[in-house]
Amino acid sequence: RSVFGYQLFYVNYGYWKDGIETEEPGRELTHYIGDALGLKAGDKVLEAGSGLGQASIDSCSKYDLEKLVGLNICNEQANFANALTKSQGLEDKIEHRICDACTEIDTFEKGDFNHAFAQECIGHFPDPLHYLTGVRKVLPSGGRMAITIVSSPKPPSKSLAYVENLFFGTVPKDGPHWENLFKQA
């Protein structure tokens, strides 16, 4: 199962804090996000684009979360994530929903979560602005949101955009695009 530094069920680029010596870059990214959010015991967290569920498990394990709800539009990944959650005995704390995060965000009430995060997935969302504004409505005062994004320093060439869309299903947006989107949210 060891592929490019990953022994766990992650589907992101990760955070290679020690370069090639990084033991588990997916977990490092999850912990980097959790630490930045200030996660602590008893928190309720929303994770958009929850992938195969390893970040949810690592977050609940490290921070002793009360609950974590993962949103994923991919049936196979969400089903795998729920099975992985059950295999770790965390099904009373973690739930993965098969849904579009951009519409599911409207089903939550203010205070349902203390914090929210999305790892390297918001670029795939059909309406990232709606998701971001929805999270702002759901989080209580003092609630924090963290997002890691795949971006490029400038718009890619047409040929690179074609290849990236072919292999990754999206074309990374440049920094100014995301800066503008965050200002709108």
Side-chain angles (χ1 to χ4, degrees), residues 1-99 101 104-105 112-125 128 131-132 135 138-139 143-152 164 167-170 172 178 182:
R1 291 221 26 238
S2 179
V3 179
F4 301 113
Y6 292 86
Q7 286 80 44
L8 300 174
F9 293 105
Y10 277 100
V11 289
N12 60 32
Y13 290 118
Y15 174 47
W16 295 76
K17 75 174 193 166
D18 299 317
I20 196 71
E21 302 300 318
T22 302
E23 189 172 315
E24 180 51 64
R27 179 177 279 158
E28 292 295 337
L29 180 59
T30 295
H31 290 171
Y32 184 83
I33 291 168
D35 292 347
L37 287 173
L39 295 182
K40 62 188 181 317
D43 278 347
K44 299 174 282 186
V45 176
L46 177 65
E47 180 188 2
S50 56
L52 298 173
Q54 189 68 54
S56 304
I57 290 168
D58 289 345
S59 294
C60 274
S61 298
K62 180 175 182 181
Y63 303 104
D64 191 26
L65 303 177
E66 179 181 324
K67 84 171 181 178
L68 187 145
V69 175
L71 311 178
N72 194 333
I73 201 163
C74 179
N75 237 2
E76 293 81 6
Q77 287 185 4
N79 288 332
F80 181 92
N82 280 320
L84 183 63
T85 296
K86 187 173 183 178
S87 77
Q88 299 298 305
L90 292 169
E91 65 272 18
D92 60 327
K93 292 187 170 200
I94 301 171
E95 170 196 2
H96 292 277
R97 297 182 184 181
I98 302 165
C99 61
E104 190 73 7
I105 194 67
D112 281 351
F113 304 98
N114 304 89
H115 304 289
F117 71 90
Q119 291 187 37
E120 298 178 0
C121 60
I122 198 164
H124 295 274
F125 288 7
Y131 175 76
L132 292 170
V135 169
V138 169
L139 295 180
R144 299 180 76 195
M145 170 177 46
I147 295 171
T148 60
I149 54 176
V150 177
S151 66
S152 63
E164 289 185 354
F167 288 103
F168 303 112
T170 189
W178 289 109
F182 294 143

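Everything numeric here is computed off the predicted structure, so don't read it as measured data. Residues: numbered from 1 along the sequence shown.
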Go through the steps to decide whether Lys44 and Asp112 satisfy the test side-chain contact (heavy atoms from CB on, under 4.5 Å), and finish with yes or no.
CA-CA 7 Å; Lys44 299 174 282 186; Asp112 281 351; over 6 Å; no

Please evaluate residues Tyr63 and His31 with respect to the criterion side-chain contact (heavy atoms from CB on, under 4.5 Å), reporting the C-alpha separation (whole Å), side-chain torsions for both, the decisive distance (0.1 Å), and the verdict.
CA-CA 9 Å; Tyr63 303 104; His31 290 171; 4.2 Å; yes

So Leu132 and Met145, side-chain contact (heavy atoms from CB on, under 4.5 Å) or not? Walk me through it.
CA-CA 9 Å; Leu132 292 170; Met145 170 177 46; 3.8 Å; yes

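Rounded to the nearest 0.5 angstrom, Asp92 CG and Glu66 CD are separated by 10.5 Å. Taken from SG in Cys60 to CD in Glu47, the straight-line distance is 9.5 Å, to the nearest 0.5 Å. Here OG of Ser87 is found 6.0 Å from CD1 of Ile57. Values are rounded to the nearest 0.5 Å. We find the CD-CD1 distance between Glu104 and Ile98 to be 11.0 Å, quoted to the nearest 0.5 Å. In this structure, Gln77 CD and Asn79 CG are separated by 10.5 Å, a value rounded to the nearest 0.5 Å. Interatomic distance, CZ of Phe80 versus CD of Gln54, reported as 8.5 Å (0.5 Å rounding).
Using the six-membered ring where Trp is involved, Tyr15 and Tyr32 have ring planes that are tilted, between 30° and 60° apart.
Between Lys93 and Asp64 a salt bridge is recorded (basic side-chain N to carboxylate O distance below 4.0 Å).
Between Leu68 and Ser59 there is a side-chain heavy-atom pair separated by less than 4.5 Å. Contact of the Gln88 side chain with the Ile94 side chain is not registered, since no non-hydrogen atoms from C-beta on lie closer than 4.5 Å. The shortest distance between side-chain heavy atoms of Ile147 and Trp178 does not fall below 4.5 Å. Leu90 places none of its side-chain heavy atoms less than 4.5 Å from the side chain of Leu84. Using a 4.5 Å heavy-atom threshold, the side chains of Leu46 and Ile105 count as touching.
Considering all non-hydrogen atoms of both residues, Pro128 and Ile122 come closest at CB-CG1, 3.7 Å. When all heavy atoms of Tyr131 and Ala101 are compared, the closest pair comes out as CD1-O, 3.5 Å. Residues Asn114 and Gly42 share a closest heavy-atom pair of OD1-O, 4.4 Å. The two residues Asp35 and Lys62 have their closest heavy-atom pair at OD1-NZ, 3.2 Å. In terms of heavy-atom proximity, Glu24 sits nearest to Tyr10 at OE2-CD1, 3.6 Å. The heavy-atom pair separating His96 from Ser56 by the smallest distance is CE1-OG, 3.1 Å.
At least one donor-acceptor pair closer than 3.5 Å links the side chain of Asp43 to the backbone N or O of Lys40. Between the side chain of His115 and the backbone N or O of Arg144, at least one donor-acceptor pair lies under 3.5 Å.
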